[in-house]
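Below is one structure, written out as structure tokens; the observations come after it.
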Amino acid sequence: MAPRANWKGFLRLSLVTCPVALYPATSESEKIAFNQLNRATGHRIKYLKVDADTGDEVPNEDIVKGYQIEKDQFIEVTKEELEEVALESTRTIEIDEFVDKSDIDPRYLIRPYYLRPDGKVGHDAFAVIRETTREMDKVAIGRVVLTSREHIIALEPMDKGLVGTLLRYPYEVRDPKEYFDEIQDVKVTKDMLDLARHIVNQKAGRFEPDKFEDQYETALIELINQKRAGKTIRPKERPKGENVVDLMEALRKSVGGAAETKAPKKSARKPKKAAAGQKEMLMPIAGKKPAKETAAKKPAVKPQRKSA
């Protein structure tokens, strides 16, 4: 079953309108999350909302938003006043224009959502918008209000639905000159480029997400399993970076090394079927399979979801 929709409203192209729902296309809930603990007692740390001057705890119903204009001076804004900022995009995604996907700078991309018809009506209108966008090989640009903010959203067909990617505004993207101006102008010789191209060709492939594994997540599971089993945690030797003295020699050696190095293979392990979409951890049991092999299997205890 699909998760609860983040937003419901209407998708409109000129006079063609249909009810739609917006769902998050990604999730990090399966990642291991840690709680903060009191080292002395082992108890969880609890955060309270307190008055910065009096130190007294403030109940949620007494907390309002405020914009700071000077030190210790705020303009108070109530929830009702914010709701009065009634933009049409609060309830409707109006398609303003169609652009080529290549026109969208990757720096403007925020996060993806799935868009589908909401309910049993409007499927015909939704299909017309989806298939026209697909046929024209364009990306539809509109606006939507999420989390009390209006966002630009880029819509493109995926299977029977649409993928909507939130975009940043220009003022949210930093000027690269601040970071790149001090990079030295270096002339790269043809020989260097030829060697580098050879390395690239040897490593060329297709992007297949399934063949990549979150090695850090796997290492965290192994660490927790070892601690549960009472094993001593010994630090591993960290890889050391080396300064390149002779760039041409390094490129030549890389060409030879790249020929022996294969692209990362998809893990031979069977995918874990974790309840509620979460990855689980298994405490190694003495007399059973080695810990390294056991860690690859479905663990017996679920990691906690991230705290709010």
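Other cluster members for Y47: I45, joined by side-chain heavy-atom distances under 4.5 Å among Ile, Leu, Val, Met, Phe, Trp and Tyr. V173 forms part of a hydrophobic cluster together with Y108, judged by ILVMFWY side-chain heavy-atom separations under 4.5 Å. Other residues sharing the hydrophobic cluster of L48, ordered by chain and number and joined by side-chain separations under 4.5 Å: V50.
Side-chain atoms of R91 come within 3.5 Å of backbone N or O of K8 as a donor-acceptor pair. Using modelled atom types, one side-chain atom of D51 and one backbone atom of D53 make a donor-acceptor pair closer than 3.5 Å. Although no hydrogens or angles enter the test, the distance criterion places no donor-acceptor pair under 3.5 Å between the side chain of W7 and the main chain of V20.
In this structure, E61 has no side chain to side chain donor-acceptor pair (under 3.5 Å) partners at least two apart in sequence or on a different chain. For D100, the side chain to side chain donor-acceptor pair (under 3.5 Å) partners two or more places apart in sequence, or in a different chain, are K138. For R107, the salt bridge (charged side-chain N to carboxylate O under 4.0 Å, His left out) test picks out D105, with sequence neighbours left out. In this view, R149 satisfies the side chain to side chain donor-acceptor pair (under 3.5 Å) rule with no residue, not counting sequence neighbours. For Y171, there are no side chain to side chain donor-acceptor pair (under 3.5 Å) partners, not counting sequence neighbours.
Taking CZ from F98 and CD1 from I141, the interatomic distance works out to 9.5 Å, rounded to the nearest 0.5 Å. Here CZ of R4 is found 8.5 Å from CG of N6. Values are rounded to the nearest 0.5 Å.
Residues in residues 66-79 take part in these side chain to side chain donor-acceptor pair (under 3.5 Å) pairs, two or more places apart or across chains: T78-E81. Sorted by first and then second residue, the pairs that involve residues 10-26 and meet salt bridge (Lys or Arg N to Asp or Glu O under 4.0 Å), not counting sequence neighbours, are R12-E88, R12-E94. Residue pairs meeting the salt bridge (Lys or Arg N to Asp or Glu O under 4.0 Å) criterion with at least one member in residues 161-185: none, sequence neighbours excluded.
Looking at heavy atoms from C-beta onward, Y113 lies out of side-chain contact with L162 at the 4.5 angstrom threshold. Counting only heavy atoms from C-beta outward, the side chains of L115 and I93 approach each other to under 4.5 Å. Within the 4.5 Å cutoff, side-chain heavy atoms of I32 are placed close to those of F34. Contact annotation: the side chain of V200 never approaches that of R197 to less than 4.5 Å [non-hydrogen atoms, C-beta and beyond].
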Going by atom type alone, with no hydrogens or angles, which donor-acceptor pairs under 3.5 Å involve a side-chain atom of residues 120-131 and a protein atom two or more places apart or on another chain?
unit_1	atom_1	unit_2	atom_2	d
H123	NE2	G119	O	2.9
R130	NH1	K160	O	2.7
E131	OE1	R134	NE	3.3
E131	OE2	R134	NE	3.4
E131	OE2	R134	NH2	3.2

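Residue M136 qualifies as open at atom CE: its count of foreign heavy atoms under 6.0 Å is 12 or below. Environment of CD in E135: sparse, with no more than 12 heavy atoms of neighbouring residues, nucleotides or ligands closer than 6.0 Å.
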Residue pair L11, L155: steps toward the side chain to side chain contact (heavy atoms under 4.5 Å, CB included) verdict: CA-CA 11 Å; L11 176 64; L155 303 169; 3.7 Å; yes

